[in-house]
Each structure stands twice: as C-alpha cells, then as structure tokens.
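All values below come from the heavy atoms of this structure, side chains included, with hydrogens, waters and symmetry mates left out. Note that the structure is a prediction, hence the values are computed from the model and not measured.
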Amino acid sequence: MSVASPPTPSGVPALAVAASAYLLTCGVGLGVRRGVLRTDRARWVHHLLFVLTAASSSAAVVALTAARQRAAALALLSVAAPFARLTRISARTGPHARTALAAAPAYAAAWLLSRGVR
C-alpha cells in the first residue's frame, strides 16, 4: 500500500486574488477617467481598492515564496515600485494612469512563471 504525498502548496490562488484586485482597481480608475463612473462622493472606494490590491499582492508574494515559486514571487514583487510611486502622483493626471499600468507586466509574468511557462 502506498501513502499519497500531501499536495504541493501553490501560490496561484493568492496570485489570482491579487491580479483580480489589480484589474478591478484599474477598471474603476479607467471608468472614472473616461467619465463612465463618478466617484465624487466616494473617492475612498478607489483608495480602498488600491490598498486591497497592494495587500493582496504582498500576500501573493509570500504565498508564491512559500510554494517555492520564487521566480513568480520576484516578478510580482516588482509591482512595489509603481505602487510606491502612485501614492505621490495626482490621480487626475496621465502619469498616474501610466504608472498604474506599469504594474501589468509584473502580474502577467508572475502568472506565466507560476504556471511553469519560461
């Protein structure tokens, strides 16, 4: 009789949450910028989504590291630079949107690396 080994932990679920939060935050920001959404009285919603995105991305880095998916963790860790810069750029400017979008390749790379794509 063979004993089944425990499943290998994966950081993919945490990465999926982080990427979803990022996409939602970008979607709200784009909606506001294009005039589709109005958050005049609820700007805190976008700020809350940003905090959720940063926190879930940090948790995903930890989960990926714990799952020995270090390349994916390092790729995702690179979102820290644009996220730190975003806090210093007015949301009503083009540089804010471009800086936010600068994090997208990190999410894509982390996703591909977590799936074993090299």
Side-chain angles (χ1 to χ4, degrees):
M1 177 184 275
S2 67
V3 176
S5 61
T8 305
S10 170
V12 174
L15 177 57
V17 169
S20 298
Y22 173 72
L23 290 172
L24 181 60
T25 304
C26 287
V28 169
L30 181 63
V32 169
R33 182 139 172 103
R34 294 288 180 188
V36 176
L37 296 174
R38 294 197 60 194
T39 59
D40 297 340
R41 294 185 177 192
R43 287 195 180 125
W44 59 269
V45 171
H46 190 61
H47 296 152
L48 179 66
L49 288 172
F50 176 74
V51 170
L52 173 67
T53 301
S56 62
S57 297
S58 298
V61 168
V62 171
L64 289 164
T65 301
R68 299 185 187 273
Q69 295 174 312
R70 289 185 183 92
L74 284 173
L76 187 58
L77 186 59
S78 68
V79 302
F83 283 5
R85 185 158 155 64
L86 277 173
T87 63
R88 307 228 182 241
I89 303 172
S90 173
R92 294 185 174 96
T93 64
H96 184 86
R98 286 189 296 276
T99 302
L101 290 175
Y107 285 97
W111 188 262
L112 291 172
L113 290 167
S114 72
R115 297 295 186 170
V117 178
R118 301 236 177 214

Closest non-hydrogen atom pair between [X] and [Y], with its separation:
X	Y	result
Arg92	Arg33	O-NH1, 3.8 Å
His96	Ile89	ND1-O, 3.2 Å
Leu113	Ala71	CD1-O, 3.5 Å
Gly11	Ala67	N-CB, 3.6 Å

Say whether [X] and [Y] are linked into one hydrophobic cluster, either directly or through other cluster members, by side-chain heavy-atom distances under 4.5 angstrom.
X	Y	answer
Leu76	Val12	yes
Leu77	Leu64	yes
Trp44	Leu37	yes
Leu86	Leu30	no

Thr25 and its side-chain contact (heavy atoms from CB on, under 4.5 Å) partner, picked from Leu49, Leu48, Val45: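 Looking at Leu49, Leu48, Val45, the match for Thr25 under the side-chain contact (heavy atoms from CB on, under 4.5 Å) is Leu49.
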
Decide yes or no on side chain to side chain contact (heavy atoms under 4.5 Å, CB included) for Thr93 and Ser90, but give the supporting numbers first. CA-CA 6 Å; Thr93 64; Ser90 173; 3.8 Å; yes

Working to the nearest 0.5 angstrom, can you tell me the gap between Arg115 CZ and Gln69 CD?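 So the CZ of Arg115 and the CD of Gln69 are separated by 9.0 Å.
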
Please report the interatomic distance SG(Cys26) to NE2(His46), rounded to the nearest 0.5 Å.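 Interatomic distance, Cys26 SG to His46 NE2, rounded to 0.5 Å: 7.5 Å.
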
Could you pull out every donor-acceptor pair under 3.5 Å between side chains of residues 99-112 and any protein atom, sequence neighbours left out?
from, atom 1, to, atom 2, distance (Å)
Thr99, OG1, Pro95, O, 2.7
Tyr107, OH, Ser57, OG, 2.5

Ring pair (Phe, Tyr, Trp, His ring centres under 6.0 Å) contacts touching residues 48-95 (sequence neighbours left out):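 Those involving residues 48-95 are Phe50-Phe83.
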
Report the residues that fulfil side-chain hydrogen bond (donor to acceptor under 3.5 Å, both in side chains) with Arg38, sequence neighbours left out, ordered by chain and then residue number.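 For Arg38 the side-chain hydrogen bond (donor to acceptor under 3.5 Å, both in side chains) partners, ignoring immediate neighbours, are Asp40.
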
